[in-house]
Amino acid sequence: MAPRMTNDPYSLRHQAQRSASDADQVEFSALRNGSSLADSGIYDERMAGAMDDYEVPDGLDHAPWQDEDLKNDSAVGLVHEEIERRRDTMGAAYPFRVRGATLDYVPNGGLLYEFLLAICNAETITSGRYVRLPRLFERLSARLVAAYLGDRTRFLHTGAPREEDVGRSFRQAMLTLAEATSEWQWGPDEDLPEEPANGDSGCDFVVWPAPPDGRPIGQLFFLGQCACGNDWDTKFNDLTLKRLSKWFNPLSVVDPVRCFATPHHVTDSMLREASREAGYVFDRARLASIAHRSPDGTLETHVQEEMRALVDLVVGT
């Protein structure tokens, strides 16, 4: 018996993310060249012969040799739908214009979307100057989540490597957080070493709104996990309260809220799953929308200059 075909959003979430990656290629080509065609997003898959996952409509009277064209049409259609979804979701924060089958790059005065797109299209994020991509992303994510929560919100970047004034070790960073908040008292379980082996225990940043009455008791903390690589959808549980709490006595009075930041677009069909597993999701659409709506000066001049340099680095390769 043939397997039953399903078309519910959960079952199709990985295929939707595949179309999102194809849409990224179209956008990146438009960023590099000024404009791009929607079918440029499936070029790599055609060259690799990886089109079998796309469906050929049933009931059509066609020759077998037409299957490849029909699969291409299906793939291009899904890419176009994803691009239109981004345009409709983001509005003026989306720096591209859809013109039929063509996508035009139309800068909107910001640079955050282009920077996030560059991360997802970089040849590497783990060596050379490219390591600045994920490092800057962590710091930008902390700043933008704080902007989203209001102007009385503070943040601390805790992921490795850290700034010297925060603390080179995770323990030192958490002592800095404890001093700033009067919570997060360091106190590892008796069987643990002095430091987590992975350098940050999965916590890349902490964001907390200032209490309205100034009393530092029972504050609400947002703990951020960042994932920039193509395996981002395997990182949903890299940060857990259970894993983190064993280093503190106590952790915080109110249970923190986990959040997950990624420069990738999380499609609607994947967003529910990601939110269930990782907490509040800040993907490219949400981060770029926050940046677009934030007051001037939210991202300092030197940060914007570094974003520009890194976009130029990726686009120029």
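Just so you know, these numbers use all the heavy atoms, side chains as well, and skip hydrogens, waters and symmetry mates.
From C226, atom SG reaches atom NZ of K235 across 12.5 Å, with rounding to the nearest 0.5 Å. Atom OG1 in T89 sits 6.0 Å away from atom CG in D268 (nearest 0.5 Å). Note that CZ of R258 and CG of L244 are 11.0 Å apart. Values are rounded to the nearest 0.5 Å. Rounded to the nearest 0.5 Å, atoms CZ (R139) and CZ (R135) are 7.5 Å apart. Considering CD of E277 and CG of D233, their distance stands at 11.5 Å, rounded to 0.5 Å.
A salt bridge links E300 with R143: the distance from a Lys NZ or Arg NE/NH1/NH2 to an Asp or Glu carboxylate oxygen falls below 4.0 Å.
Side-chain contact between F170 and S201 is present, with heavy atoms from C-beta onward closer than 4.5 Å. Residues Y94 and I83 have side chains in contact (heavy-atom distance under 4.5 Å, counting atoms from C-beta outward). With a 4.5 Å cut-off on side-chain heavy atoms, F221 and T181 count as touching. Contact check for V315 versus D312: no side-chain heavy atoms found under the 4.5 Å cut-off.
Between F260 and F236, the two ring planes are perpendicular [angle over 60°; tilted spans 30° to 60°].
Residues S169 and E195 bring a donor and an acceptor atom of their side chains to less than 3.5 Å of each other.
Under the 3.5 Å distance criterion, the side-chain polar atoms of Q17 are matched with a main-chain donor or acceptor of T267.
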- Query: Checking ring-ring contact (aromatic ring centres under 6.0 Å, His included) for the pair F205/F155: CA distance, chi angles, key distance, verdict?
  - Reply: CA-CA 7 Å; F205 61 83; F155 64 90; 8.7 Å; no
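Checked against a 6.0 Å centroid threshold, the rings of W208 and F222 do not count as neighbours.
Under the 4.5 Å side-chain heavy-atom criterion for ILVMFWY residues, no single connected hydrophobic cluster contains both L239 and V281. A single hydrophobic cluster is not seen to contain both F248 and V254; linkage of ILVMFWY side chains at heavy-atom distances under 4.5 Å, directly or through other members, places them apart.
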Side-chain donor-acceptor distances from residues 108-120 under 3.5 Å, at least two apart:
unit_1: N108; atom_1: OD1; unit_2: G110; atom_2: N; d: 3.2
unit_1: N108; atom_1: ND2; unit_2: A92; atom_2: O; d: 3.1
unit_1: N108; atom_1: ND2; unit_2: A93; atom_2: O; d: 3.2
unit_1: Y113; atom_1: OH; unit_2: E27; atom_2: OE1; d: 2.8
unit_1: Y113; atom_1: OH; unit_2: E27; atom_2: OE2; d: 2.8
unit_1: Y113; atom_1: OH; unit_2: H265; atom_2: NE2; d: 3.0
unit_1: Y113; atom_1: OH; unit_2: R284; atom_2: NH1; d: 3.3
unit_1: E114; atom_1: OE2; unit_2: Y105; atom_2: OH; d: 2.7

